[in-house]
Number of protein chains: 2
Amino acid sequence: MSLRHAILVLLQDQEASGYDLAREFANSIGLVWNATHQQIYLELGKLNDQRMVNFRHVPQEGKPDKKLYSITEEGRQELIRWLRKPAGPARIRDAFMVKVAGGELADTQTLINELELLAKQRRERLATFEALAKKLDEQGREQNLFSYLTVRRGILDQRAWLQWAEEVRQSLHTDLANASAT
Amino acid sequence: MSLRHAILVLLQDQEASGYDLAREFANSIGLVWNATHQQIYLELGKLNDQRMVNFRHVPQEGKPDKKLYSITEEGRQELIRWLRKPAGPARIRDAFMVKVAGGELADTQTLINELELLAKQRRERLATFEALAKKLDEQGREQNLFSYLTVRRGILDQRAWLQWAEEVRQSLHTDLANASAT
DNA sequence: AGTGCTTATACAACGGATTGCGCAGCGCTT
DNA sequence: AAGCGCTGCGCAATCCGTTGTATAAGCACT
């Protein structure tokens, strides 16, 4: 696992609410990750019980009050401990790839439609990440080195997927053409 | 989720034992996925309860007996149903990327060492997949279209990671050089 | 003779993750 | 005025996944 460690990494830079974290998970680290708010709130609760984070109440006008969490010294120690031990292999879970693998049973047109939808989402993400990378680069890459590298990971991942999608798209179209020729 | 669907996809081609499936997960679909044998045996048990697969006992000499599972008509229907509904977004869980994101706290040399280890594993996988792709291509790509595309996904994924790793490696080395120059 | 790898299956326990539900107020559009 | 979407927090149930343990036989190496 390591949702807890991902949260600690994000809190290292700045204090944040559960809601903030959920959004950040959709940007930097979460390019590639994903975590729902329920999971984050739960994990923040546990981290708080274990004294790895603490929070202060911030009343807001117009919006609900929020809890701003910060990392504690104990949290930082835990992070350092975790950083020292080897990371497990990366895991991917790509349902669409499984569909392609089972392509014989699938309806080709349905697959194509889904492919286009997913590709559109990926292209949007790619644009967001490229804009972010550019911004970080202009601000001075060295100051933001680790954020910059994280965003690069996201960019390369989107590009690789899109390249694959293009291959799949062409194969599926050929497949359709052959089927209608019969 | 869809470990169950991934299993059904694999069983669609041929009957297989739990052990066989565990290995196939390390090749075709599992390039990118990963599932342990415990999970697979458990899921096969459930699929059997739900009549989506059945099995026959095969006594073996020298080796333990095995159970060869096949997909049933109900299983095939379930697969078709699943193929029709939209796949969720792909998820990645890359602990090493989280470490890079938290790079300020980490020891640069430790990160570099880990990077080299992971890169070595990726390069090995890449070689395996490229060999597999070549084999499928020679056998006639159209016969193996969906397996071929699945393997391509693995190849592109490995390459993207390795390219990223190269960027990270150079940044970390620059970082080390700067630190020692101070 | 002992160690370890491969084939082969399976249970138990715990912890992580997903899904569904619920509350609450503001602002914008239709 | 009703509906939708955003900010913001949370519980409960269930399901998925991981880790540890167990059994069992053959083969190869030392």
Side-chain angles (χ1 to χ4, degrees), chain A residues 1-8 15-27 30 33-50 53 55-69 82 85-95 98, chain B residues 1-8 15-27 30 32-50 53-69 82 85-95 98:
Chain A
M1 75 105 214
S2 53
L3 175 58
R4 67 187 301 110
H5 299 109
I7 289 175
L8 290 174
E15 58 178 3
S17 69
Y19 195 83
D20 295 335
L21 289 172
R23 252 179 324 165
E24 276 189 74
F25 263 89
N27 291 319
W33 201 285
N34 80 324
T36 61
H37 59 115
Q38 292 91 334
Q39 252 182 87
I40 290 167
Y41 289 124
L42 195 73
E43 202 60 44
L44 281 172
K46 282 187 202 165
L47 285 169
N48 186 54
D49 293 345
Q50 292 166 33
V53 301
F55 65 89
R56 58 194 182 91
H57 247 107
V58 179
Q60 293 187 114
E61 279 171 49
K63 296 176 190 173
D65 297 356
K66 56 177 167 180
K67 295 180 179 176
L68 279 182
Y69 288 87
W82 177 75
K85 50 179 206 180
R91 289 173 303 164
I92 305 187
R93 209 132 285 213
D94 186 344
V98 177
Chain B
M1 76 101 213
S2 53
L3 175 56
R4 68 186 301 108
H5 300 110
I7 289 175
L8 290 174
E15 57 178 3
S17 68
Y19 196 84
D20 294 336
L21 290 172
R23 252 179 324 166
E24 276 190 73
F25 263 89
N27 291 318
V32 136
W33 200 286
N34 81 323
T36 62
H37 57 117
Q38 292 91 332
Q39 252 180 88
I40 290 166
Y41 287 124
L42 196 72
E43 202 60 44
L44 281 172
K46 283 186 203 164
L47 285 169
N48 187 53
D49 293 346
Q50 292 166 34
V53 301
N54 52 34
F55 64 89
R56 58 193 182 90
H57 246 106
V58 178
Q60 294 187 115
E61 281 171 47
K63 295 174 189 173
D65 297 355
K66 57 176 167 180
K67 294 179 179 177
L68 280 182
Y69 289 87
W82 176 75
K85 48 178 210 180
R91 289 173 302 163
I92 305 188
R93 209 132 285 213
D94 186 343
V98 178

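What you are looking at is a predicted structure, and each value in this text was computed from that prediction instead of being measured. Below, read A as the first sequence line, B as the second, and so on, with proteins coming before strands; counting in each chain starts at 1. Side chains included, hydrogens not; waters and symmetry mates left out as well; all remaining heavy atoms used.
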As a test of reading the structure: which of C/dT18, C/dG16, D/dG8 is closest to the side chain of A/Gln39, going by heavy atoms? C/dT18

Interatomic distance, B/Ile40 atom CD1 to B/Leu47 atom CG [nearest 0.5 angstrom]: 11.5 Å

For D/dC16, does OP1 or OP2 lie under 4.0 Å from any side-chain N or O of B/Lys46? yes

Please tell me if the side chains of A/Leu42 and A/Gln39 come closer than 4.5 Å, counting only heavy atoms from C-beta onward. no

Under-4.0 Å side-chain N/O to phosphate OP1/OP2 contact, B/Arg93 with C/dA17: yes

Using whole Å, report how far CG of B/Leu3 lies from C1' of D/dC15. 12 Å

Tell me the interatomic distance from B/Arg56, atom CZ, to C/dT9, atom P, rounded to whole angstroms. 13 Å

To the nearest Å, how far apart are B/Glu43 CD and D/dT18 C1'? 15 Å

Heavy atoms from C-beta onward define the side chain here; which of C/dT6, D/dG10, C/dG16 lies closest to that of B/Tyr19? C/dT6

In whole angstrom, give the distance that lies between atom CD of A/Gln50 and atom C1' of C/dG15. 12 Å

With rounding to the nearest 0.5 angstrom, report the NE2 to CG distance, A/His57 to A/Leu68. 10.0 Å

Heavy-atom nearest nucleotide on DNA chain D taken for A/Gln38 and for B/Leu42; more 5' hit belongs to A/Gln38

Could you check whether the rings of B/His5 and B/Trp82 sit parallel, tilted or perpendicular, using 30° and 60° as the cut-offs? parallel

Against the side chain of A/Thr36, the closest entry in D/dC6, C/dT18, C/dA10 is C/dT18

Reckon A/Tyr41 has a side-chain N or O less than 4.0 Å from the OP1 or OP2 of D/dG10? no

Hey, is A/Lys46 close enough to A/Asp49 for a salt bridge, meaning N to O under 4.0 Å? no

For A/Asp65 versus A/Gln60, what's the shortest heavy-atom pair and its separation? OD1-N, 3.4 Å

Would you say a side-chain N or O of B/Arg91 is under 4.0 Å from OP1 or OP2 of C/dT18? yes

Have a look at the helix from C/dA1-D/dT30 to C/dT30-D/dA1 and give the angle its two end axes make, five pairs each, rounded to 10 degrees. 30°

Nearest heavy-atom approach of A/Tyr41 to A/Tyr19 is OH-N, 3.6 Å

Specify the separation, in whole Å, of atom CD of A/Gln60 and atom C1' of D/dT7. 8 Å

B/Asp65 or A/His37, whichever maps to the more 5' nucleotide of DNA chain C: B/Asp65

Length of the CD1-C1' vector between B/Ile40 and C/dC11, whole Å: 17 Å

Roughly how many Å is it from NZ in A/Lys63 to P in D/dC9, rounded to a whole number? 11 Å

Nearest whole Å is fine: how far is C/dG16 P from A/Leu47 CG? 11 Å

